[in-house]
Amino acid sequence: MNNFFLIKYGSEILQRMGEHLLLVGIAIATAILISLPLGILITRQKALRQPILALANVLQTIPSLAMFGLLIPLVGIGSLPAVIALTLYSFLPIIRNTYTGIMSVDPAVREAGRGMGMTDWQLLSQVELPLAAGVILAGVRVATVIAVGIATIAAAIGAGGLGVFIFRGIAVVNNDLILAGAVPAAAIALVADYGISWLEKRFGGCLKNPDVR
């Protein structure tokens, strides 16, 4: 490498990191707003569990380039299809972990709450969700790391982000450019993983189920 890539592309790396973080942040926030209620819903409506989880599984298996390609005729190119795709990919871990976390609450704890006269909403908000928080955050952590990686491909449809460096580097066979995109993306994923993991341990409540991480 002729020049250290962080120095060579420093200002543009910061710009692309901002774009990357914005895409991921909006997608994860949207996914939580949709997936958390769906995860709660399937703990109450068992008949919906299989259809909702099956749909989330199907979305997860669609290759990212194919997903972007399917969205382009519907919403065009740029940030919007990228955010939609990242949101769809984030559904499965959050829905599944929300369901698993709530269902893992000790039935005796639920019965104690009902015995105290709690409504279903009070039981959910004051007992189940606090106890399931660790498992739910594990799902958010997985979804975030996945979204950071997939967001690099969003550059192919004009969404910006660190993938711009990677595609440019591949086109001209320049390792500096590839590293300028890949290394900051990996750093973002590691920081997100560590940060959410810290929250998970701090506010995780009593449930620790490694099988759902």
Side-chain angles (χ1 to χ4, degrees), residues 1-33 35 56-94 97 137-201 213:
M1 292 182 290
N2 295 326
N3 296 299
F4 188 51
F5 63 90
L6 287 176
I7 298 174
K8 191 174 181 181
Y9 304 108
S11 59
E12 189 179 357
I13 287 174
L14 291 176
Q15 176 194 339
R16 298 302 180 185
M17 282 182 72
E19 295 170 354
H20 207 91
L21 288 168
L22 187 62
L23 289 174
V24 173
I26 294 173
I28 293 298
T30 305
I32 292 171
L33 289 175
S35 301
N57 270 297
V58 169
L59 292 172
Q60 192 77 21
T61 61
I62 299 174
S64 51
L65 280 176
M67 179 74 83
F68 292 134
L70 291 170
L71 289 170
I72 287 173
L74 300 175
V75 294
I77 62 172
S79 299
L80 181 57
V83 168
I84 293 173
L86 294 176
T87 301
L88 294 176
Y89 280 122
S90 301
F91 281 169
L92 180 61
I94 301 175
N97 279 38
L137 282 170
V140 173
R141 175 162 56 92
V142 171
T144 302
V145 172
I146 291 172
V148 170
I150 295 176
T152 58
I153 304 172
I157 58 170
L162 291 164
V164 170
F165 285 113
I166 296 173
F167 282 103
R168 195 192 305 166
I170 292 171
V172 298
V173 195
N174 185 318
N175 287 338
D176 279 8
L177 283 167
I178 294 173
L179 288 172
V183 172
I188 290 172
L190 288 172
V191 170
D193 182 72
Y194 177 82
I196 300 174
S197 179
W198 180 84
L199 289 174
E200 181 188 338
K201 292 173 183 175
R213 300 191 184 187

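In what follows, residues are counted from 1 in the order of the sequence shown.
- The distance from the CG atom of Leu14 to the OH atom of Tyr9 is 15.0 Å, given to the nearest 0.5 Å.
- Nearest heavy-atom pair, Ala27 versus Leu86, reported as atom, atom and distance to 0.1 Å: CB-CB, 3.4 Å.
- The stretch residues 177-199 participates, sequence neighbours left out, in these salt bridge (charged side-chain N to carboxylate O under 4.0 Å, His left out) pairs: Arg141-Asp193.
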I'd like to know whether Thr87 forms a side chain to side chain contact (heavy atoms under 4.5 Å, CB included) with Phe91, so could you lay out the CA-CA distance, the side-chain angles of the two residues, the decisive distance to 0.1 Å, and finally the verdict.
CA-CA 7 Å; Thr87 301; Phe91 281 169; 3.7 Å; yes
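- Between atom CG of residue Leu65 and atom CG of residue Leu70 there is a gap of 11.0 Å, rounded to the nearest 0.5 Å.
- Note that CZ of Phe165 is 11.0 Å distant from CG of Asp176, once rounded to the nearest 0.5 Å.
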Please table the atom pairs, donor to acceptor, closer than 3.5 Å between any side-chain atom in residues 145-160 and protein atoms at least two apart or in another chain.
{"residue": "Thr152", "atom": "OG1", "partner": "Gly149", "partner atom": "O", "Å": "2.6"}

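- In this structure, the separation between CD1 on Ile178 and CZ on Arg168 is 12.0 Å, given to the nearest 0.5 Å.
- Nearest heavy-atom pair across Glu19 and Gly161 is OE1-N, 2.8 Å.
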Does the pair Leu21 and Ile188 meet the rule for a side chain to side chain contact (heavy atoms under 4.5 Å, CB included), with working shown?
CA-CA 8 Å; Leu21 288 168; Ile188 290 172; 3.8 Å; yes
Could you walk me through whether Leu162 and Ile166 pass the side chain to side chain contact (heavy atoms under 4.5 Å, CB included) test, one step at a time?
CA-CA 7 Å; Leu162 291 164; Ile166 296 173; 5.8 Å; no
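- The shortest distance between side-chain heavy atoms of Leu59 and Leu92 does not fall below 4.5 Å.
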Take Tyr89 and Met67 through the test side chain to side chain contact (heavy atoms under 4.5 Å, CB included) and record every step on the way to the result.
CA-CA 10 Å; Tyr89 280 122; Met67 179 74 83; 3.5 Å; yes
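- Here the closest heavy-atom approach between residue Ile94 and residue Ala31 is recorded as CD1-CB, 4.1 Å.
- Taking OG of Ser35 as the start and CD1 of Ile28 as the end, the distance is 9.0 Å to the nearest 0.5 Å.
- The CD1 atom of Ile62 sits 11.5 Å away from the CG atom of Asn57 when rounded to the nearest 0.5 Å.
- Heavy-atom neighbours of Ile84 CD1 from other residues, nucleotides or ligands within 6.0 Å: above the threshold of 12.
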